[in-house]
Enquirer: 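Okay, handing you the structure first.
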Amino acid sequence: MTTLADHINAVELIDHHVHGFWTGDGDQVRFHNALNEADTEPLAEPDAVFDSQLGFAVRTHCAPVLGLPAHSAPQDYWERRNRMGEAEVTEKLLRRCGVTDWIVDTGFADGVAGPDEVARASGGRAHEVVRLEQVAEQAAAASGSYGQAFTEILSARAEHAVGTKSILAYRGGFEGDLSEPNAHEVAEAAARWRDEGGKRLTDRTLLRFGLHQGLRLGKPLQIHVGFGDRDLDLHRANPLLLLDFLRSSGDTPITLLHCYPFEREAGYLAQAFDNVFVDVGLSVNHLGARSPSVIARLLELAPFRKILYSSDAFGPAELHFLGARLWRIGMTRVLTGFVESGEWSRRDAVRVVDLIAHRNARRIYPQLN
Amino acid sequence: MTTLADHINAVELIDHHVHGFWTGDGDQVRFHNALNEADTEPLAEPDAVFDSQLGFAVRTHCAPVLGLPAHSAPQDYWERRNRMGEAEVTEKLLRRCGVTDWIVDTGFADGVAGPDEVARASGGRAHEVVRLEQVAEQAAAASGSYGQAFTEILSARAEHAVGTKSILAYRGGFEGDLSEPNAHEVAEAAARWRDEGGKRLTDRTLLRFGLHQGLRLGKPLQIHVGFGDRDLDLHRANPLLLLDFLRSSGDTPITLLHCYPFEREAGYLAQAFDNVFVDVGLSVNHLGARSPSVIARLLELAPFRKILYSSDAFGPAELHFLGARLWRIGMTRVLTGFVESGEWSRRDAVRVVDLIAHRNARRIYPQLN
Amino acid sequence: MTTLADHINAVELIDHHVHGFWTGDGDQVRFHNALNEADTEPLAEPDAVFDSQLGFAVRTHCAPVLGLPAHSAPQDYWERRNRMGEAEVTEKLLRRCGVTDWIVDTGFADGVAGPDEVARASGGRAHEVVRLEQVAEQAAAASGSYGQAFTEILSARAEHAVGTKSILAYRGGFEGDLSEPNAHEVAEAAARWRDEGGKRLTDRTLLRFGLHQGLRLGKPLQIHVGFGDRDLDLHRANPLLLLDFLRSSGDTPITLLHCYPFEREAGYLAQAFDNVFVDVGLSVNHLGARSPSVIARLLELAPFRKILYSSDAFGPAELHFLGARLWRIGMTRVLTGFVESGEWSRRDAVRVVDLIAHRNARRIYPQLN
């Protein structure tokens, strides 16, 4: 009989929200800055980034993959990965994720791989989600009706994509009216925005328009929630501020991404709405040794068919790898606790693992099959 | 010497906020929907409700009471309870709660038992709390002065009731002015509401009036806080938004119910105000295997004489039973940890159990004696 | 080889935010009220204050220092400390803290020791932080330009001080504009305040002016965040409301104090801003047996070079002692868990202990050396 730990260790994952890995070699500063999510400035003491839960997790779990002892010094780790080169580091780490499918957010992709390269390097399948704010910028650059251009571009891009993604959290947050604007309001706002140059969408009317176009498409709509870099107002990225929007969102699956420190609020929404799903990607990586706590908190109100796996990795393949590794460790810790206390059966625990690892994603992203 | 676990297992409980159990048989859909608190629509995949902490807890703890193995399949569980019939299921489960007194919220009671039936079926005593918003609707239907009708109805109903209850959280939440309106404002608002038909109170002036009438009565005022169904705006049910109201609330005991995910904020308020009390009823049931975490978080700032027990059960008697069962398990886990680490003495732990189980409730609801 | 627990038990601490201990004997009511942080009224049942995590911690950890058995009864504890007298109790407890340096907030010091007395009684060194709102009140009382008086007083007082402190949380909280006002606005607001008597600063313009003068000084600026007494609106003391202020705060170290229940939000800010630091002083004392949980939560997003130790003790020396004692217990529990699970190396754990215990504070308060 396979133990629960063995099952979790081997289960195939669908990473339902991820970005590309770096396609070219880079310097130590690039590597260091990629290990801090929230800061947007050059780090004051660059080596300090390793004095964090994520830094410790890199040394504990990635060092052995690169042939170094666990807990190797930061400088030794850097020298080894630098000597190997980005391509070899990436391949070594990606092949050990146990991920069969990657759903890649292509909305911001400077210097990182696209879905095809992700598939090739990992030996898995890759799919795309289309970022709605990027579609908006493409529509602003097109001629004629903004609204028509938006729907045409979205429809064309979505043909091969499995879902959409919104970064409204970075464009003013969730507070205020998120209802669908009418055609006249959209045209006016678009004219204003085009006059101003049509770069970096922050106009609320057009952001709302994009969200509702995403809903209409019917494919899962991913929404960045909570924790990110300091350009966002974290208190305005509280998923409870989405309540009115969710109440009128119909049947389109909506996936709340990351969610820290609002993962319990997000779990509530996953219980409250048939079409709401939730993950704690990104958070798991940055919490390292503490990630079992956020995994456990997500297993409070969120029904088990509403929880997904993602890494939200971007750049160094350490993040793709740790997403999976730390999830396996955290799930093992938390579910073993439930089973050993007699609250869950081992068989139920195995089934919940499968739901979160891949079955839920396969159900809501039917194109994956 | 009784162990701490034995003591917790046997301690008599006062369930200070509960609703009636179902008085008649019903179908599987009714049962499924009763296991999801937050969703207000028919569940998309009805059997999915069992893939939740509460669903697992039903199979783990209730199945053996109905003569099935722990962790029985959802369908087997349903068939057994359906064959037994609601009355037998209810009696089996209620008799195993170890509850001596039930304080029943009669404000919404479609299809569920009243206090007398609860007493009869459980073999315990039952008492009533009067819902202030229901009194308001009765006053709207009366003739003459609304204010006078309200106080007369409240006074008459409260004669045999041990406290009052407010669901302001469901009627706009806690944000904004909660001071007492004057008689003129009340009369104006009442006239307006009566003109509109006098159904489902959402007028802030009259809601405020009701709250302050509840305070004046001097009996404990229960307030729904936090987690509930999606009709409420959860971020507007944060108990910190009650601060101004609490500052002017005098000596009347105020009990903050449920509180998830704001149980730490509620604990703070219980420390900050002599007259504030707190529980995590409802939350314990829905957290199942994770309920020790919310019990532990409540044991942070809340003084131990300010914590109460409740189940907030409504409908299936599984909820009445699990409230007690999971509380006993969670308290055992958390307090045993405190004692084993040397932080608490066993004797103190036993005393805290008694305070929360019944002594605090008996102190603030003197009519129970 | 020293074990991790031995290392934590012996590590020298810098208590970077503390107040004086009582300089004279007092009655039992004074002692009881000092054990409840949040309530500002005479406690309804004075002995009830011992039925709290802090009350249990006093009996568990302080009783043996005074020669009583652990878990002694509250009345026995009071009688022993009363017979000993404040001076002896203080010295016994302070000498067991393992604190080498105390950074004393002198902004409110009725009946408590100043830095010199703290140094003498503890056998350590003591330093001062200047409370900006107190400087404002001194400037209001001075003649001539308020702005000039403020900068002169601050500059004079800061010559021997190692930092500044703001209690904006108690003066309206963090919501709204916190940008620097111009000289004209300051002069107008100051004239208005002086006309009103110049007591207890609540004028937002002058509060903002003070904060920015603190930044300009360049020495660490301590900000009260979260948990305190009920005079503050806890939801307006959420550190996320400081985001705009932090974005424009430059290089001056800013230390977020206490932070409960927003310690995860504060940890995020410590990751997001090079100049932001964080502690959970005060919270640790009041959480007692549950303090490992808040220490663990702080070790989520906050980089390990951004975390500080403080007790925030005020009055009874039990608080100075428990701050250190409970921190050592909590750190041992949490870090041992990380090491035993293989996530951290023992060597890294020891280094993180040193960073939080004293190395981080020594780096940002260079005058300590």
Side-chain angles (χ1 to χ4, degrees), chain A residues 174-175 235-236 238-244 246-247 250-251 253 261-276 293 295-307 334-335 337-349 351-352 354-356 359-360 363-364, chain B residues 35-57 59-61 63 69-74 226-238 260-263 282-294 297 325-326 329-330 332-333:
Chain A
F174 304 149
E175 250 173 352
H235 52 298
R236 296 197 173 91
N238 182 331
L240 295 181
L241 300 171
L242 291 170
L243 265 165
D244 278 336
L246 297 176
R247 286 184 183 118
D251 295 330
F262 309 114
E263 67 278 357
R264 301 200 300 158
E265 285 84 347
Y268 166 79
L269 296 172
Q271 177 179 131
F273 295 93
D274 279 353
N275 65 319
V276 171
S293 75
I295 288 171
R297 285 193 287 253
L298 191 60
L299 292 166
E300 296 187 355
L301 290 189
F304 309 138
R305 299 192 195 182
K306 311 297 280 305
I307 303 175
V334 174
L335 269 55
F338 293 160
V339 172
E340 287 181 353
S341 67
E343 297 295 313
W344 286 25
S345 72
R346 185 193 153 278
R347 183 194 173 110
D348 281 323
R351 203 164 48 78
V352 169
D354 291 347
L355 286 169
I356 301 176
R359 282 177 53 193
N360 292 336
R363 196 173 73 250
I364 69 164
Chain B
L35 300 182
N36 176 311
E37 177 71 18
D39 209 338
T40 50
E41 310 230 312
L43 297 174
E45 303 175 84
D47 60 324
V49 82
F50 267 98
D51 276 336
S52 65
Q53 291 285 11
L54 174 56
F56 280 23
R59 293 169 47 223
T60 301
H61 297 292
H71 315 299
S72 290
F227 177 41
D229 76 48
R230 74 191 208 198
D231 281 350
L232 62 75
D233 287 343
L234 186 51
H235 52 298
R236 296 197 173 91
N238 182 332
Y260 187 93
F262 309 114
E263 67 279 357
L282 181 66
S283 315
V284 164
N285 268 351
H286 284 273
L287 265 58
R290 277 288 292 172
S291 53
S293 75
V294 75
R297 285 192 288 253
R325 183 92 194 93
L326 292 170
I329 291 171
T332 300
R333 177 94 62 86

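Order of the sequence lines fixes the chain letters, A, B, ..., with proteins taken first and strands second; residue numbering starts at 1 for each chain. Basis for what follows: all heavy atoms, side chains included, without hydrogens, waters or symmetry-related copies.
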Enquirer: Between Asp233(B) and chain A, which part of the residue has a heavy atom less than 4.5 Å away: side chain, backbone, both or neither?
Expert: both

Enquirer: Tell me if a side-chain donor or acceptor on Asn360(A) pairs with a main-chain N or O of Phe304(A) at a distance below 3.5 Å.
Expert: yes

Enquirer: Could you tell me which portion of Arg333(B) (side chain, backbone, both or neither) has an atom closer than 4.5 angstrom to a non-hydrogen atom of chain A?
Expert: side chain

Enquirer: Contact part of Asn238(B) toward chain A, heavy-atom cut-off under 4.5 Å: side chain, backbone, both or neither?
Expert: neither

Enquirer: Using a cut-off of under 4.5 Å on heavy-atom pairs, state which of Leu269(A), Leu243(A), Asp244(A) scores highest against chain B.
Expert: Leu243(A)

Enquirer: Quick one: does Asn36(B)'s side chain have a donor or acceptor within less than 3.5 Å of a partner on Gln271(A)'s backbone?
Expert: yes

Enquirer: Taking Tyr268(A) for its side chain and Asp229(B) for its backbone only, find out whether a donor-acceptor pair lies under 3.5 Å.
Expert: yes

Enquirer: Between the side chain of Gln53(B) and the main-chain N/O of Leu299(A), is any donor-acceptor distance below 3.5 Å?
Expert: yes

Enquirer: Tell me, side chain or backbone of Val334(A) under 4.5 Å from chain B's heavy atoms, or both, or neither?
Expert: neither

Enquirer: Measure distances from Ser345(A) to the heavy atoms of chain B and classify the residue's part below 4.5 Å as side chain, backbone, both or neither.
Expert: both

Enquirer: Please look at Ala289(B) and chain A and tell me whether the side chain, the backbone, both or neither of the residue comes under 4.5 angstrom of a heavy atom of that chain.
Expert: both

Enquirer: Looking at Thr60(B) and Phe56(B), would you say the former's side chain and the latter's main chain have a donor-acceptor pair under 3.5 Å?
Expert: yes

Enquirer: Under 4.5 Å from any heavy atom of chain A, what part of Leu35(B) do you find: side chain, backbone, both or neither?
Expert: neither

Enquirer: With a 4.0 Å cut-off on N to O distance, would you call Asp354(A) and Arg351(A) a salt bridge?
Expert: no

Enquirer: When you measure from the side chain of Lys306(A) to the backbone N and O of Val276(A), does any donor-acceptor pair fall under 3.5 Å?
Expert: yes

Enquirer: By a 4.5 Å heavy-atom criterion (distance strictly below it), what part of Leu54(B) contacts chain A: side chain, backbone, both, or neither?
Expert: neither

Enquirer: Could you check which of Arg59(B), His71(B), His286(B) has the highest count of heavy-atom pairs closer than 4.5 Å to chain A?
Expert: His71(B)

